[in-house]
Amino acid sequence: QVQLLESGGGLVQAGGSLRLSCAASGRTLSIYRMGWFRQAPGKEREFVATMSWSGGDTYYLDSVKGRFTISRDNAEITVYLQMNNLKPEDTADYYCAATNTVVAGTIPDDYNYWGQGTQVTVSS
């Protein structure tokens with residue numbers, strides 16, 4: 001089992017920045033890929049960004065390219081999501097996810113471990 005704990009959400013004005021963190025614990029050696037998803041009220045969970053743990057290949061949702069950056073700290077077994085130039089439409093609960101299977105990681109079904117989520121609110 002892998003446990004994931006997110007932190008770093010909050011309220012920010014449009015144009016501001018936040019950095020989300022996701023600390024993994026448990027059987028972390030089995031992790032192949034970690035990612036971030038978000039879910040706004042009344043909407044389906046949406047892919048945001050993903051990174052493979054060993055090779056670092058990354059993918060992003062088109063609307064966040066150039067504004068969001070996913071990164072990892074191998075020593076701390078932590079993945080980050082740096083979010084710059086935030087927009088009101090980025091408002092959502094953000095979830096960290098991990099998988100131990102070789103997948104592209106752009107859909108929720110690719111992942112078998114999830115965090116509890118952290119709320120991000122961007123005011124206009």
Side-chain angles (χ1 to χ4, degrees):
Q1 292 290 327
V2 173
Q3 294 78 43
L4 303 173
L5 182 63
E6 303 103 331
S7 62
L11 172 65
V12 64
Q13 289 187 329
S17 298
L18 284 174
R19 189 177 80 156
L20 305 183
S21 300
C22 176
S25 60
R27 302 186 67 173
T28 58
L29 289 178
S30 69
I31 294 175
Y32 169 75
R33 178 177 292 281
M34 294 183 72
W36 289 96
F37 287 74
R38 65 187 182 187
Q39 189 166 18
K43 295 188 176 181
E44 293 187 352
R45 192 163 295 191
E46 176 183 52
F47 164 75
V48 176
T50 184
M51 166 180 278
S52 66
W53 199 254
S54 59
D57 59 306
T58 59
Y59 306 105
Y60 293 94
L61 176 69
D62 283 347
S63 64
V64 308
K65 286 180 181 177
R67 299 189 298 122
F68 291 11
T69 302
I70 189 170
S71 62
R72 71 192 190 279
D73 181 325
N74 289 350
E76 297 295 327
I77 320 297
T78 299
V79 67
Y80 302 97
L81 186 68
Q82 177 66 43
M83 305 185 294
N84 298 328
N85 190 22
L86 282 159
K87 303 176 180 181
E89 52 264 41
D90 294 319
T91 295
D93 291 327
Y94 282 71
Y95 296 89
C96 175
T99 180
N100 50 18
T101 58
V102 180
V103 291
T106 59
I107 60 173
D109 284 348
D110 281 347
Y111 296 87
N112 44 2
Y113 302 107
W114 290 87
Q116 294 299 308
T118 185
Q119 189 174 53
V120 172
T121 304
V122 184
S123 63
S124 57

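Source: prediction; values computed, not measured.
No donor-acceptor pair under 3.5 Å is formed between the side chain of T50 and the backbone N or O of T58. Proximity of a side-chain donor or acceptor of T28 to a complementary backbone N or O of S25 within less than 3.5 Å is not detected. Between the side chain of T101 and the main chain of T99, no donor-acceptor pair closer than 3.5 Å is present. Not a single donor-acceptor pair under 3.5 Å links the side chain of D90 to the backbone N or O of L86. Between the side chain of T118 and the backbone N or O of G9 there is at least one donor-acceptor pair closer than 3.5 Å. For R72 (side chain) and W53 (main-chain N/O), a donor-acceptor pair under 3.5 Å exists by modelled atom type. R27 places no side-chain N or O within donor-acceptor distance of the main-chain N or O of V2, the cut-off being under 3.5 Å.
Distance check: N84 CG to R19 CZ gives 11.5 Å after rounding to the nearest 0.5 Å. Remark: S7 OG to L20 CG distance equals 8.0 Å, nearest 0.5 Å. Of the inter-residue distances, the one linking I70 atom CD1 with W36 atom CH2 reads 8.0 Å to the nearest 0.5 angstrom.
The shortest heavy-atom contact between A14 and S124 is CB-CA, 4.3 Å. In plain terms, the two heavy atoms of Q82 and S17 that are nearest each other are NE2-CB, 4.0 Å. In plain terms, the two heavy atoms of L4 and A24 that are nearest each other are CD2-CB, 3.7 Å. Considering every non-hydrogen atom in both T106 and Y59, the closest pair reads CG2-CB, 4.4 Å. For Q39 against K43, the heavy-atom pair with the smallest separation is NE2-O, 3.0 Å. Between T69 and Y60, the closest heavy-atom pair is CA-OH, 3.4 Å.
M51 and V103 fall into different hydrophobic clusters, where Ile, Leu, Val, Met, Phe, Trp and Tyr residues are linked whenever their side-chain heavy atoms come under 4.5 Å apart, directly or through other members. One hydrophobic cluster holds both Y94 and L61 under the rule that ILVMFWY side chains link at heavy-atom gaps under 4.5 Å. Neither Y32 nor M34 shares a network with the other; the hydrophobic side chains, linked directly or stepwise wherever heavy atoms of I, L, V, M, F, W or Y lie under 4.5 Å apart, form separate groups for each. In the hydrophobic clustering of ILVMFWY residues, with side-chain heavy atoms under 4.5 Å counting as a link, V64 and V122 come out together. Both L18 and L81 are members of a single hydrophobic cluster when ILVMFWY side chains are connected at heavy-atom separations under 4.5 Å.
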Exercise for the section: Test D73 against T78 for side-chain hydrogen bond (donor to acceptor under 3.5 Å, both in side chains), laying out the working first. Expected result: CA-CA 5 Å; D73 181 325; T78 299; over 6 Å; no
Exercise for the section: Begin from the C-alpha positions of W114 and F37 and carry the test ring pair (Phe, Tyr, Trp, His ring centres under 6.0 Å) through to its verdict. Expected result: CA-CA 10 Å; W114 290 87; F37 287 74; 5.2 Å; yes
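Annotation: side chain of C96 is in contact with side chain of V79 (closest heavy-atom distance under 4.5 Å). Contact check for I107 versus F47: no side-chain heavy atoms found under the 4.5 Å cut-off.
Between R33 and D57 there is a salt bridge, with a side-chain nitrogen of the basic residue lying less than 4.0 Å from a carboxylate oxygen of the acidic one.
Partner R38 forms a salt bridge (charged side-chain N to carboxylate O under 4.0 Å, His left out) with one of E6, E46, E44 and no other, that one being E46.
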